[in-house]
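What you see is a predicted model, and the numbers here were worked out from it, not measured in a lab. In the text below, chain A, chain B and the rest are named by the order of the sequence lines, each starting its count at 1. Atom set for the values below is all heavy atoms of this structure, side chains included, hydrogens, waters and symmetry mates excluded.
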Number of protein chains: 2
Amino acid sequence: MTATPRRVTQRDIARMAGVSQATVSLVLNNRADADVRIAPETRDRVLRVIAETGYAADPVARRLASRFNRIIGVFTYEPAFPSGSRDFFHPFLLGIEEYAERVGCDLLLFTSAPVIDGRRRIFHQDNRLRLADGCLLLGREIDADELHRLNRDGYPYVAVGRRDDAGGPVPYVGADYATAVGRLAELAIARGHRRMTYLSMGIDAESSEDRRRGYLATASAAESARHRPATAADAEAVLDDLLADGSTVAFVEDFATAVALERAARRRGLSVPGDLSLLTLGDPTVPVPTELAFTGFRIPREEMGRQAVEVLTRVIDGSASGVQQRLLPCELVEGATLGAPEPAVDRP
Amino acid sequence: MTATPRRVTQRDIARMAGVSQATVSLVLNNRADADVRIAPETRDRVLRVIAETGYAADPVARRLASRFNRIIGVFTYEPAFPSGSRDFFHPFLLGIEEYAERVGCDLLLFTSAPVIDGRRRIFHQDNRLRLADGCLLLGREIDADELHRLNRDGYPYVAVGRRDDAGGPVPYVGADYATAVGRLAELAIARGHRRMTYLSMGIDAESSEDRRRGYLATASAAESARHRPATAADAEAVLDDLLADGSTVAFVEDFATAVALERAARRRGLSVPGDLSLLTLGDPTVPVPTELAFTGFRIPREEMGRQAVEVLTRVIDGSASGVQQRLLPCELVEGATLGAPEPAVDRP
DNA sequence: CATGATCGCTAATACGTATTAGCACGTCGA
DNA sequence: TCGACGTGCTAATACGTATTAGCGATCATG
């Protein structure tokens with residue numbers, strides 16, 4: 001491992017081709033403006049030397065000079081491990097990578113961001129955001145203070161998933177949970193359900209709030225529309241509660257909880273959807289083994305990733321007019337867990 | 001989208017604190033050498049201003065000046081889509097990200113590299129390698145010319161997976177396929193198998209070559225040790241061939257092919273491992289639905305990712321002495337597809 | 001032939017940081 | 001009182017590129 005030989009620079013190329021460094025830069029950038037002209041012979045000569053030496057411009061210097069990098073930062077909020085949340089991020093990343101490739105950008109994963117108080121921080125001692133032209137934010141819960149600061153600094157970013165205002169509107173590409181859950185509620189009511197319960201994950205994120213809002217907007221037409229928190233570990237108690245209430249359908253935020261509920265019901269000799277209908281409100285975020293096809297909806301994760309990159313590039317190059325906020329529709333999934341309620345004993 | 005307000009620089013900090021830009025830099029980098037002294041009051045004053053303004057050094061300028069960036073490049077050779085190869089890369093990336101986080105490096109995915117003649121190229125017009133301090137190379141087949149060039153340029157890199165020399169030894173962290181396959185062959189022989197066939201994927205990669213080598217080294221002790229290419233689509237013909245040859249065990253490079261063979265055997269009323277033993281030589285690279293637990297070995301993909309980053313950081317900071325080449329052991333998996341051969345009719 | 005206009009290129013500078021030689025100002029010892 | 005030395009800082013420069021004002025030469029035009 002000898003000392004690295006100094007890399008070839010434009011100055012070297014210039015010397016070899018008998019021109020100035022500026023000329024090399026102009027040739028390299030294919031500048032053909034009215035006020036920048038290079039004779040074809042000169043251009044060819046420079047290009048030949050470049051080809052011979054295999055020169056490639058240093059992207060760092062380039063960025064320093066021009067303020068653009070063709071690098072898109074990706075910040076994942078929740079700790080990437082254990083691989084549970086990995087499977088959550090993966091579809092987004094697929095879409096992001098696909099679109100980044102299309103527009104010729106590299107992706108910078110901010111893995112160096114330190115975890116402080118159990119959560120990754122964008123802003124810290126050695127903040128590296130500016131390495132990228134702009135940044136995508138991924139994560140169920142995003143720190144509002146950090147959004148404030150991004151807004152204040154005028155740093156180009158786009159959140160994947162809807163976000164409340166934080167010192168100004170937050171640009172995002174999200175999923176339209178409210179409408180999707182509303183549709184499911186309509187379906188349930190159309191099937192004859194009158195008493196229903198919404199089982200929340202108990203986290204305080206916008207994604208959760210939107211689902212609940214969609215539920216309340218539509219389900220409030222029913223005889224009874226409750227909501228309560230629930231986890232998979234809780235399944236037995238939750239099931240008790242549903243039965244006691246006479247709910248014939250549950251809207252389950254967390255996929256794993258739905259699986260656990262179905263299993264608990266089966267153990268008691270109850271059937272889904274015969275005795276209880278279950279609706280799931282998004283794809284599983286953790287791999288859960290189940291044979292059952294749940295009725296619910298699909299989050300367009302890949303498409304969200306793609307469009308987030310698209311919006312971000314717009315924000316970066318300034319071609320975006322106004323605040324960029326998009327909600328993508330979720331596709332309803334016709335599964336086997338929504339049925340008609342048992343004809344109930346009339347209640348007084 | 002108004003014009004971006006110029007970001008705060010060291011010069012601004014310097015002006016506010018009444019010192020020079022150099023002093024700010026020195027304070028920031030906590031320099032305490034013998035020949036660099038800053039009075040505690042001055043240091044505090046500068047630090048206070050930094051805290052007030054929320055200043056953070058521009059990593060780009062920093063890199064230009066210091067030649068180090070704490071960025072690790074990741075180059076994936078095979079086209080990332082369809083998501084089949086995605087599942088192949090994923091475990092590597094998990095390990096890579098984990099270790100990168102540990103050493104405080106960001107990851108740069110070279111998604112901008114163009115695909116030429118059906119394969120991604122590192123070197124092209126607008127080569128962005130130098131954005132990273134060094135680079136990891138992923139992919140079953142890596143272009144030897146590009147390795148040559150990396151070696152020639154003295155660019156720090158590490159391949160994930162063993163590579164043949166390319167104008168010099170190639171630093172890598174690979175899996176010890178030869179030993180693993182050799183072990184499987186020993187197992188087969190110990191169980192009484194005497195006629196065996198190796199079914200290759202027919203690609204010309206080092207990973208394939210190593211497996212074959214391990215097979216030949218050990219299996220050649222058997223009565224007959226053939227090898228031939230095979231694909232999943234081919235399963236019927238391959239099965240004919242195995243039976244005709246009297247092979248009682250097959251070493252199957254491609255997981256999907258093993259699945260297809262078992263299915264074909266079952267259709268003919270043959271049982272695995274009763275009539276034919278199947279050994280797989282690595283985890284599935286494409287999700288294949290199967291209930292069967294195949295006997296074979298596990299590739300330590302995550303660990304390979306981690307160690308690749310570790311080695312790369314060593315190469316970058318120059319603390320690596322000599323060429324870095326590591327082979328990690330594969331863990332044997334005791335499945336249900338290796339049995340004892342039917343007591344065969346004596347052959348003359 | 002004088003005067004612009006156009007062409008082809010270069011010199012100079014900016015980008016924001018890290019590094020280093022060295023300056024100004026003490027202080028101390030003889 | 002004078003050099004030697006230590007302290008605390010700054011001026012200058014490098015890193016490699018992009019950009020722009022502008023210079024000399026050539027060309028067209030009256």
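One can place CZ of A/Arg11 at 8 Å from P of D/dG16, the figure rounded to the nearest angstrom. Remark: P of C/dC15 and CG of A/Leu64 are 9 Å apart, rounded to the nearest angstrom. In this structure, the CG atom of A/Leu28 is 12 Å from the P atom of D/dT19, given to the nearest Å. Regarding A/Asn29, its CG atom lies at a distance of 9 Å from the C1' atom of D/dT17, rounded to whole Å. Straight-line distance from the CZ atom of A/Arg70 to the C1' atom of D/dT17: 17 Å, rounded to whole Å. Put simply, CZ on A/Arg15 is 16 Å from C1' on C/dT10, counting in whole angstrom units.
With sequence neighbours left out, the side chain to side chain donor-acceptor pair (under 3.5 Å) criterion links A/Thr23 to A/Ser20. When the side chain to side chain donor-acceptor pair (under 3.5 Å) test is applied to A/Gln307, the partners found at least two apart in sequence or on another chain are A/Glu303, A/Arg326. Taking the side chain to side chain contact (heavy atoms under 4.5 Å, CB included) definition, one finds that A/Leu64 meets it with B/Val60, B/Ala61, B/Leu64, sequence neighbours left out. Residues satisfying the side chain to side chain donor-acceptor pair (under 3.5 Å) test with B/Tyr172, not counting sequence neighbours, are none. By the side chain to side chain contact (heavy atoms under 4.5 Å, CB included) test, B/Asp143 pairs with B/Tyr77, B/Arg119, B/Arg121, B/Asp145, B/Glu146, sequence neighbours left out. Take A/Arg37 and apply the salt bridge (charged side-chain N to carboxylate O under 4.0 Å, His left out) test, not counting sequence neighbours, and it matches no residue.
Residue A/Tyr55 has no polar side-chain atom (N or O) positioned under 4.0 Å from OP1 or OP2 of D/dG16. The shortest distance between the side-chain N/O atoms of B/Ser25 and the OP1/OP2 oxygens of C/dA18 is below 4.0 Å. In this structure, B/Thr9 does not reach the C/dG16 phosphate: none of its side-chain N or O atoms is under 4.0 Å from OP1 or OP2. Contact annotation: A/Arg62 side-chain N/O to D/dA18 OP1/OP2 distance is under 4.0 Å. Dashed line: the shortest gap from a side-chain N or O of A/Arg63 to OP1 or OP2 of D/dT17 is not under 4.0 Å. Proximity of A/Arg31 to the phosphate of D/dA18: no side-chain N or O atom is located under 4.0 Å from OP1 or OP2.
For A/Arg162 and A/Asp164, the salt-bridge test passes: some basic side-chain N is under 4.0 Å from an acidic carboxylate O. With respect to B/Arg306 and B/Glu302, a salt bridge is recorded, a charged nitrogen being found less than 4.0 Å from a carboxylate O.
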Between the protein and nucleotides 6-12 of chain D, list the N/O to N/O atom pairs that are separated by less than 3.5 angstrom.
{"from": "D/dC9", "atom 1": "OP1", "to": "B/Thr42", "atom 2": "OG1", "distance (Å)": "2.2"}
{"from": "D/dC9", "atom 1": "OP2", "to": "B/Ala39", "atom 2": "N", "distance (Å)": "2.3"}
{"from": "D/dC9", "atom 1": "OP2", "to": "B/Thr42", "atom 2": "OG1", "distance (Å)": "3.4"}
{"from": "D/dT10", "atom 1": "OP1", "to": "B/Ser20", "atom 2": "N", "distance (Å)": "3.2"}
{"from": "D/dT10", "atom 1": "OP2", "to": "B/Ser20", "atom 2": "N", "distance (Å)": "2.9"}
{"from": "D/dT10", "atom 1": "OP2", "to": "B/Ser20", "atom 2": "OG", "distance (Å)": "2.8"}
{"from": "D/dT10", "atom 1": "OP2", "to": "B/Thr23", "atom 2": "OG1", "distance (Å)": "2.2"}

Result block: side-chain N/O donor-acceptor pairs under 3.5 angstrom for residues 42-53 of chain A, not counting sequence neighbours:
{"from": "A/Arg45", "atom 1": "NH1", "to": "A/Ala17", "atom 2": "O", "distance (Å)": "2.5"}
{"from": "A/Thr53", "atom 1": "OG1", "to": "A/Val49", "atom 2": "O", "distance (Å)": "3.0"}
{"from": "A/Thr53", "atom 1": "OG1", "to": "A/Ile50", "atom 2": "O", "distance (Å)": "3.2"}
{"from": "A/Thr53", "atom 1": "OG1", "to": "A/Tyr55", "atom 2": "N", "distance (Å)": "3.3"}

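From one end of the helix from C/dC1-D/dG30 to C/dA30-D/dT1 to the other, with five pairs defining each end axis, the axis direction shifts by 60° (rounded to 10°).
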